[in-house]
Structure formats: structure tokens, C-alpha cells
Amino acid sequence: MSTLKLPLPDDFHVHLRQGDALADYARDIACQFGRILVMPNTVPALSTTESILNYKNAILSAAPNLEPLMTFKIHSGLTSSDLESFKAMGVVAGKYYPAGVTTNSEDGVSDFESIFPVVSMMEKMGFVFSVHAEEPNVFCLDRETAFIPKIKTLAQKFPKLRIVFEHVSTAAAVKAVLEMPSTVAGTITVHHLTMTLEDLIGDALRPHHFCKPILKLPSDREAIRKAAFSGNPKFFFGSDSAPHKQEKKECAYGAAGIYSAPVLLPILVREFEKENALDKLPNFIAGYGADFYGLPRTTREIQLVKKSWTVPNLIHGVVPLAAGKTLEWSLL
Ligand code: DOR
Ligand code: ZN
């Protein structure tokens, strides 16, 4: 039976939620990943040292082998002493959410320039600036493209700031990341790598494929695939795994988010294998992201085996990506 050994991957974009479910979600991701960048869009948001520390401890008590890399949610009221205490506790990045653009972002930023003083401090202190790059109140398919000028402004105005264009979903975003300096990188999700709008609304409405940024056109997916399989260090893995309970998705006003955590590595291996790009997978999942964040590359490993399994229809009350489908690679 064929097996595949990989460096234990990093996932540079994960949502773990709050309350009882957090432990389940943390353990699911810990089965496949060694380090994860934890998103701060909880309620209330992770914007104080106390909330970040409590959240980190909750993750560690559920999954002691997982290394959570913590983030804070950016708002214009953050002071230099806030940022210094984040730094002292090992927080690696601040996340920018435009107000109202996605799940739990009502408290996001509504005045772009109002955060420039915070961004300037982040640049000096070496925080990564992670951004949900969508312009609210623009037609849904055009939101990401409409935000690109803001990323260009940030990259120019703050030349030492490391910026991560999260979950690139368009050819325009891929092109922008490629054109901008080496301080700008992009994360790629499994769902934007494998699906298009067709999978959301083509034959039927499939709410479990609804996410922000929304799935786009075949040409966009092609550009994302090319970026991932090319081995360009500007692109690395961030799943944006975002669980919502079944009833929050299967309703009249469904939440955005795809629970991909349980199937990430089997799907990544399948896709890289299909493109004859398995040699590019280790850097994509355990190299370029760590380098960009200035973290040591992992020395731990994980093994997969070519043995088919069927993805459960429901995991902790959440319908996961590829529910009911057969995947040919399993974790050993
Ligand atoms: O689909 C999404 N879900 N996109 C995001 O940006 C947030 C996430 C969530 O927290 O549910
Ligand atoms: Zn996200």
C-alpha cells in the first residue's frame, strides 16, 4: 500500500469558535496540523491580552500538541502598550476585517485610514498584517477585486509591513500578490482551490459551500491552482476552516463558512498528486508560510496512506466539506 510522508503542516488561517465546541474543533485540526494561525473573530473579539490568553489556554487544554499562533482583531483604538503586551505574549499577527464583510465582523473597521497609526506600530514591532480583503457594499463577486487598491496603498505606505492577502479567490488577487513586493503574500484555501460558483449554485443551492469570499469563476480557480502548484513562495496554505452548526447553514439566512478541517490533507494530497506537483506540497503546507511569518520550519512529520474512507455526513453537528464523499488518502 502506498504511503506518503510529509512535514507536519501549518494552517495559517483557522476559526475555532467558542464554548463547548472549541475543544472538538481544536482536536480535529490537531489531527493533521502542528501549528495554526487562530482567527480572532469571536464574540467579543480577541482584542485584549486577557481574551487572547484565555482563548489560547482553552485551545491548549483541548489539544496540547497543537501550537496555536495567536492573532488580535485590529481596531483604531489599539495603543502601543496594547501592542507591546501582545508582542510579549507571542502574538504573531493582527487581523483586519472591514466592518460587516463576514461572520462576526460588525465590529470591524469602517474607516480604513483610521487604523494607519496602528498599522504603523505593527510595522515597527514586526507584526504580520492579515487581511480579509473584501470591500463591503460592492456586488458580491467584485468585492475582493475592489479591495486590491487598499492593499497596494498599505504595501506602499508601510514598506516593511508583512501583509497576508487571506484566502485569495480571484485571478485579480493572485495577479496583485504576484505584482506587489515580497512583503505581500497570499493564503489559499482547499475550497477555492477545488470549487467554483457552480458548486454553490450550479445544480442546486448547496449551503455548505457558501463562504466569504464567495466561490468564483473557473478562470479564477485556474489562477489559484497555478499559484499553488507553481511553488511560488508568495502563496501558502491557510484553510479558513470555519465551522457553523448544520442549522445555521440550512436556513433562510445561512452563515458563511466551510468546515474543511477534517478533510484538508487528504484533499490537498489528491489535488497536488493530480497535477503531478506532489514535490511542491511540503513547501506549500510547511515551508513558505513559516518562512513568511519568520518561524522555524517544523521538524515533525505526518504520514498518509492510500486507503479510501468515506467522509461522515455530520461531525460535531457540522456538515463538513466533502460530506458523504470517498477520499482515497487517509491519515495513518
Ligand atoms: O466564510 C467565512 N467564514 N469567511 C470568513 O471570512 C469568516 C468565516 C467565519 O468565521 O465563519
Ligand atoms: Zn477566515
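In listed order, ligands and their atoms are each counted from 1.
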What protein heavy atom sits nearest atom 7 (C) of ligand 1, and how far off is it?
Thr102 OG1, 3.2 Å

The Zn ion (ligand 2) is nearest to which N, O or S atom of Asp240?
OD1

Distance-only donor-acceptor check, side chains Thr145 and Asp142, under 3.5 Å
no

When you look for heavy atoms under 4.0 Å from ligand 1, do you find them on the side chain of Met39, its backbone, both, or neither?
neither

Nearest non-hydrogen protein atom to atom 1 (O) of ligand 1, with distance, is Lys212 N, 2.8 Å

Got a salt bridge between Lys226 and Glu222, using NZ or NE/NH1/NH2 to carboxylate O under 4.0 Å?
no

In terms of ring plane angle, is the pair His167 and His132 parallel, tilted or perpendicular, where the classes change at 30° and 60°?
perpendicular

Between Arg206 and Glu250 (salt bridge meaning N to carboxylate O under 4.0 Å), is one present in this structure?
no

Counting from 1, what ligand 1 atoms have a heavy atom of Ala242 closer than 4.0 Å?
3 (N), 8 (C), 9 (C), 11 (O)

What orientation do Tyr293 and Phe12 show, parallel under 30°, tilted 30 to 60°, or perpendicular over 60°?
parallel

Check: Phe235 ring centroid to Tyr288 ring centroid under 6.0 Å:
no

So Phe158 and Phe116, would you call those rings parallel, tilted or perpendicular, with 30° and 60° as cut-offs?
perpendicular

Using a strict 4.0 Å cut-off to heavy atoms of Asn41, name the atoms of ligand 1 that fall inside it.
9 (C), 10 (O)

Heavy-atom distances under 4.0 Å decide this one: backbone, side chain, both or neither, for Asn104 against ligand 1?
neither

Find all atoms of ligand 1 within a distance of less than 4.0 Å from any non-hydrogen atom belonging to Cys211, and give their numbers and elements.
1 (O)

Would Glu273 and Arg270 pass as an ion pair if we require N to O under 4.0 Å?
no

Before moving on, can you tell me the angle at the Zn ion (ligand 2) between the NE2 atom of His13 and the NE2 atom of His15, to the nearest 10 degrees?
110°

Which of the atoms in ligand 1, numbered in the order shown and given with their element, are less than 4.0 Å from a heavy-atom of Arg17?
9 (C), 10 (O), 11 (O)

Looking at His132, which atoms of ligand 1 are within less than 4.0 Å of one of its heavy atoms?
6 (O)

Closest to atom 3 (N) of ligand 1 among protein heavy atoms sits Ala256 O, 3.0 Å

